[in-house]
Amino acid sequence: MKGDKDKAVVGVFSYLDDALSAVEFAKGSGYEYKVYSPVPNHHLEHATCDSRSPVRMFTLAGALFGITAGFTLAIMCSLDYPLRVSAKDIVSIPGFVVIGYECTILFGAIATLTGLCHLTRTPNIFRKLGYDPRFSYDKFGVVVSCPSSDVDAVSKGVEDSGAEEVNVENGL
Amino acid sequence: MESAEENNVTYKDVNDIVLKMLEPPTVGWYVLLGLCISGVAIGAFCFSQQLLHGMGMAGIAHPIMWGVYITNFVFWVGIAHSGTLISAVLYLFRAKFRMPIYRLAEAMTVFAVMTAGLFPLIHVGRPWFAYWLMPYPNERALWPNFRSPLLWDVFAVSTYFTVSALFFIVGLVPDIAAARDAAKTKFRKFLYTITSLGWTGGHKNWSHYEAAYLLFAALATPLVVSVHSVVSWDFAVGNVPGWHATIFPPYFVAGAIFSGVAMVVTLIIPLRSIFGLEKLVTKDHFECMSKLIMLTSGIVTYAYVTEFYTAWYSNNLFERYQFWFRPFGEFKAAFWGMTFCNCIAPLSLWWKPLRTNITYLFILSIIINIGMWLERFNIIFTSLSREFIPAAWGGYNFSWVETGITIGAFCWFGMWMTLFLKFFPAVAITEIKMIMPAPMRKPAAGHH
């Protein structure tokens, strides 16, 4: 990626295909960029994301921990306080499946949330470089980080892509 | 299907229509909230009497030790169910008709589980010892019995509540961000800034969000089947005539979805009218929900018939007597009421004009919910009042304390719903936009 990135050029777009053109421009020119969108969109995802989200790994880890924890809890507690009921085994696996199953889902969900928060760096109410309230409404935003010396060229590139408004903000 | 897209609704319209619901409350809203809080106060007073004077204040007594409290518990867990069905299962099946209604259904799930969770606590008599239900380290090495369905229920319901709440909150975050950006008062701006967690809709965030949302849906889907199955095992594992049947889990799950969809209809019809959501929630959505009601009503009716058939075919004296007692015994009014509300009345939906008649659907949805409450009443009361030994048979009259707590529970649910409607988007902005084509300068390259 180019330069010191002390400036951010913000393009506001009404049309998704225009915003995607600006993304192609930023990628082609080697600048870092960020796209704000009111909705997730598969065109946008294809244009901007090279790999699948790793959040599923968090889910898998949480679910594996949960199933282990659920069965361990039920087995260890039963062994610590052996209470025979109706001649059933003290370690009665069929009955413990419910506990293991519920813990799998519970910890899987908690881990998914943890992964999502970690990967999206939320909560963080202060980080909004180039953000405009219209981006949660009906506009798309493309923010291109660049050095001061490239601002004019980048602004022109973004405008030529179809931006209806181009602003320059202080960058990172 | 007629959708937001075919109604020529734009992204801007979706924000405007939904966020308009959050505008300053009207007198009617305050009156409704006041009524709900008054009902909660009545319930709290009745509960305080039970706490002060003991469980004798409630009508529950041998042999019907579960009474109205457990009837209410099962009813509210059932109501919760269809929220997860609509939000998670139909999401995985990409059913578009869920989009305008699923947020309300999810809210209903969370608040219904919050209501259901009160009843075991009220029922145990000494709720300050409720933490004994959980396995916690203690010096006596005394642990709960993990082979008991009642403990399974603790895990099932607490997991269900946690996962449903997470799924609900994660879905809300982008919409709260939209509310934040449109907020006009300092209080609302502050509230939404905090609760939106700083969401901005950056492209990487959406990528992780979509993956996480799909995983949440996949995790919540088995809960649709499991939670009410586990609740049904509270009954089916017990060797009581009328309860000890393997049909209980699917029977309970279908019944739960049946009652929950009816409750969604009960809630969405007045909201649609009050907040002008006709463009987003169309008659086609009601037709889809009506078909779901018809399907689940059919399954529930089949389960009722199967119970009678197996009682007859088993040649078991106690089981046969139980299923004679239900339609002709002391509680026959509950049985015939249940049969009419759950099996006969929904048959009218085979006639298409009624599936799209909003007034009729509203009335029918209330009838179904009365029927489903009666179903749980029927299961608990008739079976416990006629177990094996005639000397142990008995009846039941529920007391004013139980009545007050039951009214309080409905008002508790209503109070949370009323507050939710005015503070958070009750219709999913983001998901409705997702089924609309993205605005393109060259439409040919657009939505597919």
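Note on naming: letters A, B, ... go to the chains in the order of the sequence lines (proteins, then strands), and numbering restarts at 1 for each one.
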Let me know if K139(A) has heavy atoms under 4.5 Å from chain B in its side chain, its backbone, both or neither. neither

Specify which of F96(A), Y101(A), F58(A) makes the most heavy-atom pairs with chain B at under 4.5 Å. Y101(A)

So, the part of Y137(A) with a heavy atom under 4.5 Å from chain B: the answer is both

Is there side-chain contact between I105(A) and L223(B), with heavy atoms separated by less than 4.5 Å? yes

In terms of heavy-atom proximity below 4.5 Å to chain B, should L16(A) be classed as side chain, backbone, both, or neither? both

Flag the one option from A19(A), G141(A), S78(A), P38(A) with the top tally of heavy-atom pairs under 4.5 Å to chain B. P38(A)

As a quick check of understanding, evaluate salt bridge (charged side-chain N to carboxylate O under 4.0 Å, His left out) for R441(B) and D17(A), giving each step before the final call. CA-CA 7 Å; R441(B) 196 181 288 279; D17(A) 43 357; 5.6 Å; no

Hey, does L113(A) have a side-chain heavy atom less than 4.5 Å from the side chain of F216(B)? yes

Looking at side-chain heavy atoms only, is the closest gap between L116(A) and Y213(B) below 4.5 Å? no

Considering only heavy atoms, which portion of A177(B) lies under 4.5 Å from any heavy atom of chain A: side chain, backbone, both, or neither? backbone

Does any non-hydrogen side-chain atom of Y36(A) lie less than 4.5 Å from one of T200(B)? yes

Counting only heavy atoms closer than 4.5 Å, note whether L215(B) contacts chain A via side chain, backbone, both or neither. side chain

Name the region of P144(B), side chain, backbone, both or neither, that has any atom closer than 4.5 Å to a heavy atom of chain A. neither

Part of V98(A) lying under 4.5 Å from any heavy atom of chain B: side chain

Do L73(A) and F146(B) touch side chain to side chain, with heavy atoms closer than 4.5 Å? yes

K88(A) side chain to R147(B) backbone, donor-acceptor under 3.5 Å: no

Whatever's closer than 4.5 Å to a heavy atom in chain B on D18(A) counts as side chain

How many angstroms lie between OG in S158(B) and CG in L106(A), if you round to the nearest 0.5 Å? 7.0 Å

Which is it for Y33(A) and H203(B) under the ring pair (Phe, Tyr, Trp, His ring centres under 6.0 Å) test, yes or no, and what are the steps along the way? CA-CA 10 Å; Y33(A) 65 93; H203(B) 66 276; 5.4 Å; yes

Output the distance between atom NE2 (H42(A)) and atom CD (E210(B)), rounded to the nearest 0.5 Å. 10.5 Å

With a 4.5 angstrom heavy-atom cut-off, is it the side chain or the backbone of I75(A) that approaches chain B, or both, or neither? neither

Between the main-chain N or O of S37(A) and the side-chain N or O of W206(B), is there a donor-acceptor pair closer than 3.5 Å? yes

Side-chain heavy-atom pair K34(A), K204(B) within 4.5 angstrom cut-off: no

Looking only at heavy atoms, the pair that brings V163(B) and A109(A) closest together is CG2-CB, 3.8 Å

Nearest 0.5 angstrom please: L197(B) CG to T122(A) OG1, how far? 6.0 Å

Among the listed options G70(A), P40(A), P133(A), the residue most often paired with chain B at heavy-atom distances under 4.5 Å: P40(A)

Chain B contact via F107(A) - side chain, backbone, both or neither, heavy atoms under 4.5 Å: neither

At a 4.5 Å cut-off on heavy atoms, which part of P135(B) comes close to chain A: side chain, backbone, both, or neither? side chain

State whether the side chain of N15(B) and the backbone N or O of S136(A) hold a donor-acceptor pair below 3.5 Å, judged by distance alone. yes

Indicate yes or no for a side-chain donor-acceptor contact from H208(B) to the backbone of S53(A) under 3.5 Å, with no hydrogens or angles considered. no

Applying a strict 4.5 Å limit to non-hydrogen atoms, the region of L166(B) in contact with chain A is side chain

Smallest heavy-atom separation, A438(B) atom then N41(A) atom, equals CB-ND2, 3.6 Å

